[in-house]
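Here the structure comes first, spelled out in structure tokens, and everything after it is commentary.
The sequence lines fix the lettering, A, B, ..., with proteins before strands; numbering per chain opens at 1.
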Protein chains: 2
Amino acid sequence: MNKVLRKQMSSSQRALLELREKIFSGELAPGSDHLESELADQLNMSRTPVREAVLMLEGQGLLELRPRKGIRVVPLSPDDMQEIYDVLTELESLAAECAAKAMHKEEDLRRLSNAIDDMDVAIANNDLDAWADADDRFHTELVRLGGNSRVNSIVHMMSDQVRRARMTTLFMRPLPTKSNEDHRQVYDAIKNGDPQTARNTHRDHRLHAKTIIVELLKKHRLRFL
Amino acid sequence: MNKVLRKQMSSSQRALLELREKIFSGELAPGSDHLESELADQLNMSRTPVREAVLMLEGQGLLELRPRKGIRVVPLSPDDMQEIYDVLTELESLAAECAAKAMHKEEDLRRLSNAIDDMDVAIANNDLDAWADADDRFHTELVRLGGNSRVNSIVHMMSDQVRRARMTTLFMRPLPTKSNEDHRQVYDAIKNGDPQTARNTHRDHRLHAKTIIVELLKKHRLRFL
DNA sequence: GCATTTCATTGCGTATGCATTAAATGATGC
DNA sequence: GCATCATTTAATGCATACGCAATGAAATGC
């Protein structure tokens, strides 16, 4: 992340970004408790902007405020992941349907197809990080094309949570070589303006992904992430 | 709302509740701008707890922070309502499906059937407020039975938005006498453990409701609520 | 011992004041 | 008359201080 831009940022904004990073990097471990003053010291600022950032992160489901007990990084159980995937499944399928209805021109779908191509390359190179990155871009773009801003922000919130878990799960499973066929099917349906196929294909794809991940988490007893 | 309980509430909590009320009652009109200090004066407290409440309400999509321009009560266009209804449709249908899968005992479904009965009564009495109240309870309970906490909180957020609009639309349309048949069908499907019927019936019900409302808003040129 | 009360600690909630900065106003030059 | 820049104004962002209230420890009673 660009450190130069941060200089001219408000302290609350900086707190928000840096806390997010610390959460995603695992520097603030899931389930761990922290005091406002402790975080304020870490970030070299007073409690005020930290409180504001923490409040926002609570709203986003990343932190849990337990007065006098500590600010807790919310742990994710397999059940939580199931909940999250279920929401993602519904809302992304809706997005796929809407995107197909919208009859986008092929050039507007470029980022989508690029993401799919990148996943192919990543799989060929056995590059997990590149694959994860491209997969993110695919889903981000899909939801953007759906055109529902609320769906967009909810999906982004939930994807953040998934991202925390994926760090762990990504290295525990084989590369999803088959999943790109699904992606392409969804892409084609959107390009051809076929809402039902787009919706159903993506839905099945997501449902499948959900079972894989949740089983994996349960098998490895990853109760918290 | 219970004023006694509020006495022992933190100022931020009070700010949160009272601002919500002012927004829903229309005392703070959609599209209107307000200063932190202005709101603090209205609520008889300092800016600090107001800031915190405002931050949370921003996260819930009720307020929009525009530094040095004012805190704006977000206006809802017909397109916004469409977005919101689309999200509600997907997530409530999922909830209905899950509720049916869960095979709840009949006594656990009591609140659901009560809400349906109350709607019947309200319709017979031509009591709009009672109907709206029972309808709220039906949807709240449906989603609770679905058992997905994330779906729950998202649906509640979106329902808040719908409630703002309903104040207006409720008096512009005929009482939805037919809609209770749908509710009962959903109820039966859940009781009989038939996820697909529960899902599809509720989905159609919601899609239908969406068109009605959105058409109504568009026809009456209610660009903002 | 065990329960209960007291007390000290400390983390949080809130008020307050100052610093910052963006918007608005007026001044200056063209 | 218009554009640009300086100045003022005022709202926000942030640090700080203070008091309350909750927590845990120690002390007392049973």
ask   = Roughly, in whole Å, what's the span from CD1 in B:Ile71 to P in D:dA11?
value = 12 Å
task = Would you give the length of the straight line joining atom NE2 of A:His139 to atom CZ of A:Arg206, rounded to the nearest 0.5 angstrom?
result = 4.0 Å
query = How long is the line joining CZ of A:Arg14 and C1' of D:dA15, in whole Å?
reply = 14 Å
key: Whole-Å distance separating the CG atom of A:Leu65 from the P atom of C:dG11   = 16 Å
task = Look at A:Glu90 together with A:Arg203 and state whether they make a salt bridge at an N to O cut-off of under 4.0 Å.
result = yes
key: Residue-phosphate contact under 4.0 Å: B:Ser11 side-chain N/O, C:dT14 OP1/OP2   = yes
inquiry  = As an exercise, state the distance from CE of B:Met45 to CZ of B:Arg14, rounded to the nearest 0.5 Å.
reply    = 3.5 Å
remark   = Between CG of B:Leu35 and P of D:dT9 the distance, given in whole Å, is 18 Å
inquiry  = Can you confirm whether the side chains of B:Ser77 and B:Asp80 place a donor and an acceptor under 3.5 Å from each other?
reply    = yes
ask   = Does any residue of residues 39-58 of chain A have a heavy atom under 4.0 Å from DNA chain C, and if so, which ones, in number order?
value = A:Arg47, A:Arg51
Length of the NZ-C1' vector between A:Lys69 and C:dG13, whole Å = 19 Å
ask   = If you count the non-hydrogen atoms of other residues, nucleotides and ligands that lie under 6.0 Å from CZ in B:Arg111, is the total more than 12?
value = no
message = Can you measure A:Gln13 atom CD to D:dG13 atom P for me and round it to whole angstrom units?
response = 9 Å
inquiry  = Below 30° counts as parallel, above 60° as perpendicular, anything between as tilted: where do the rings of A:His205 and A:His183 land?
reply    = perpendicular
ask   = Going by an N to O cut-off under 4.0 Å, is there a salt bridge joining A:Asp133 and A:Arg137?
value = yes
Position toward the 5' end of DNA chain D (nearest nucleotide), A:Pro67 or B:Ser37 = B:Ser37
ask   = When you check the phosphate oxygens OP1 and OP2 of D:dC14, does a side-chain N or O of A:Ser12 lie under 4.0 Å from one of them?
value = yes
ask   = Roughly how many Å is it from CD in A:Glu38 to C1' in C:dC12, rounded to a whole number?
value = 15 Å
message = Between the side chains of B:Glu18 and B:Lys22, is the shortest nitrogen-to-carboxylate-oxygen separation below 4.0 Å, so that they form an ion pair?
response = no
message = Given the structure, check if the side chain of B:Arg68 and the base of C:dT21 hold any donor-acceptor pair shorter than 3.5 Å.
response = yes
ask   = What distance do A:Glu83 atom CD and A:Gln161 atom CD have between them, rounded to the nearest 0.5 Å?
value = 10.5 Å
query = Just how large is the angle between the end axes of the helix from C:dG1-D:dC30 to C:dC30-D:dG1, five pairs per end, to 10 degrees?
reply = 0°
task = Give the rounded distance in Å between these two atoms: CG of A:Asp33 and P of C:dC12.
result = 11 Å
